[in-house]
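This report concerns only the one structure given below.
Atoms within each ligand, like the ligands themselves, are counted from 1 in listed order.
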Amino acid sequence: MNAKQTMPATLSDSTRMPAMEPFNVERIRADFPILQLQVNGKPLVYLDNAASSQMPRQVIDRMVRYQTNEHANISRAVHYLSETATAEYESARRTLQRFINAPEEREVIFTSGTTDAINLVMHGYGRKFLKAGDEIILTTLEHHSNIVPWQMLAEETGAKIRVVPINDAGELLIDEYEKLFNARTRFVGVIHVSNALGSINPVKQMTAVAHAHGVPVLVDGAQAVPHMQVDVQDLDCDFYVFSGHKLCGPTGIGVLYGKATLLEKMQPFKGGGDMILSVTFEKTTYNAIPHKFEAGTPPIAAAIGLGAAIDYFSAIGMDAIATHELDLLNYATDQLNLVPGVRIIGTAKNKASVISFTIDGVHPHDVGTLLNQEGVALRTGHHCAQPVMQRFNVPATSRASFAFYNNMAEVDALIAGIRAVQKVFA
Ligand SMILES: Cc1ncc(COP(=O)(O)O)c(C=O)c1O
């Protein structure tokens with residue numbers, strides 16, 4: 001029989017949560033080998049965390065341990081290594097379930113990332129349930145990965161996309177959102193935290209509005225989960241998606257949380273091994289969720305690495321992380337506002353530790369290049385959010401995005417670097 005089985009909890013499940021210690025950024029920094037790097041003869045100041053965050057030794061070690069002592073394909077054999085790998089993979093699923101407070105572990109599906117998870121919902125739900133004339137509500141703040149799949153669906157089915165506007169601070173206009181609903185509205189996709197501006201959106205309130213119209217909601221949480229406690233039961237969203245590599249985990253792994261009632265109705269996105277119960281040339285019977293959506297050999301090492309990353313976040317505590325990052329955000333915002341010629345794009349009242357800015361007379365690409373010479377890594381460009389750039393009438397911005405392991409000295413290095421850039425262009 002090829003059906004995957006849910007393994008019993010391993011011993012390590014209950015021993016993985018170390019006791020919480022007071023937040024100490026320097027002690028935390030010591031866990032991240034890469035932060036010791038020198039770049040261009042300067043200490044690395046890594047402020048590109050919204051693109052990908054770095055891995056602590058605990059995650060690296062966990063993946064090495066897996067590759068050294070535990071690796072085999074999962075769910076397919078009765079030998080020791082396969083059973084160990086399967087148990088650890090399923091244990092990582094339970095860690096993720098606890099992290100977002102999903103009601104059931106079968107509601108946590110491993111994907112290759114946020115993009116893959118959104119495409120899964122588009123194919124599995126959208127292609128099955130949407131038709132010509134149906135409407136999908138998205139927001140101006142969406143990352144391209146929560147725009148393009150829905151456009152592909154609209155092209156294929158004749159559905160229409162309606163877009164929630166934002167104000168000059170980069171906040172969604174909730175009144176306008178409510179006005180977009182009508183009898184044809186079938187789906188809402190909303191970004192929890194804007195990767196381009198840092199705005200935190202009222203996704204709980206937005207979900208309640210959608211549900212009052214009987215419409216399901218997908219929340220793109222890629223930029224939310226690293227910064228705040230996310231509770232999918234409290235949000236009551238139907239789908240919640242995120243990526244491991246923005247959570248101090250490896251690339252190639254992400255999560256789709258979905259309510260079991262919806263996941264069960266959806267069609268599989270990918271066909272192949274492990275997502276089936278039986279196959280004949282006449283008919284295939286699909287496996288139960290979550291396996292129905294995990295065709296083929298999954299990224300086992302990456303899932304286990306992500307589980308270790310979640311343990312690391314949990315040991316520090318999301319509240320402590322959020323408090324430290326708010327301090328970083330406030331300090332960096334104040335310092336940037338003191339630099340003449342710097343304009344912060346995105347001044348929402350409720351923001352995560354992401355700051356987009358422009359410097360008068362300097363193209364963001366030059367900002368990034370010159371800051372790199374100072375060892376400062378930040379992101380310049382449109383951040384895969386071109387509609388946001390269009391709304392603010394800028395081709396691109398520079399973006400500093402902070403993680404819990406950044407410190408105030410790194411904010412100072414950023415500001416000093418910006419002043420040096422301005423001198424070059426003076
Ligand atoms: C808000 C948001 N959504 C989706 C993505 C896409 O994530 P991935 O490339 O890991 O699929 C990103 C990545 O930057 C993001 O910031």
Would you mind running through ligand 1 and noting each atom that sits below 4.0 Å from a heavy atom of [X]?
{"X": "S145", "answer": "3 (N), 4 (C), 5 (C), 6 (C)"}
{"X": "S243", "answer": "7 (O), 8 (P), 10 (O), 11 (O)"}
{"X": "A222", "answer": "1 (C), 2 (C), 3 (N), 15 (C)"}

With respect to atom 11 (O) of ligand 1, which of N195, N146, V241, T115 exhibits the smallest heavy-atom separation?
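Ranked by closest heavy atom to atom 11 (O) of ligand 1, first place is T115.
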If hydrogens are left out, which of T251, I191, I118 has an atom nearest to atom 1 (C) of ligand 1, that is, the closest non-hydrogen atom?
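It is I191 whose heavy atom sits nearest to atom 1 (C) of ligand 1.
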Mode of H245 contact toward ligand 1 - side chain, backbone, both, neither (heavy atoms, under 4.0 Å):
side chain
Tell me which protein heavy atom sits closest to [atom], plus the residue, atom name and distance to 0.1 Å.
{"atom": "atom 3 (N) of ligand 1", "result": "D220 OD2, 2.6 Å"}
{"atom": "atom 14 (O) of ligand 1", "result": "K246 NZ, 2.5 Å"}
{"atom": "atom 15 (C) of ligand 1", "result": "H143 CD2, 3.3 Å"}
{"atom": "atom 16 (O) of ligand 1", "result": "Q223 NE2, 2.6 Å"}

Polar side chain donor-acceptor pair, [X] to [Y], under 3.5 angstrom:
{"X": "N201", "Y": "N350", "value": "no"}
{"X": "E410", "Y": "Y405", "value": "no"}
{"X": "Y240", "Y": "H192", "value": "yes"}

State yes or no: are the ring centers of F313 and F404 separated by less than 6.0 Å?
yes
Is it the case that ligand 1 has an N or O less than 3.5 angstrom from some N or O of D116?
no
Are any of the side-chain nitrogens in D31 or R57 under 4.0 Å away from the carboxylate oxygens of its partner?
no
Once the angle between the rings of Y312 and F32 is folded into 0 to 90°, is it parallel (under 30°), tilted (30 to 60°) or perpendicular (over 60°)?
perpendicular
Evaluate the ring planes of F181 and Y177, with Trp represented by its six-membered ring, and classify them as parallel (under 30°), tilted (30 to 60°) or perpendicular (over 60°).
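Taking Y177 first and then F181, their aromatic rings stand perpendicular (interplane angle over 60°).
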Decide salt bridge (charged side-chain N to carboxylate O under 4.0 Å, His left out) for K204 and D234; before the verdict, give the C-alpha distance in whole Å, the side-chain angles of both, and the deciding distance to 0.1 Å.
CA-CA 8 Å; K204 182 176 175 178; D234 180 52; 2.9 Å; yes
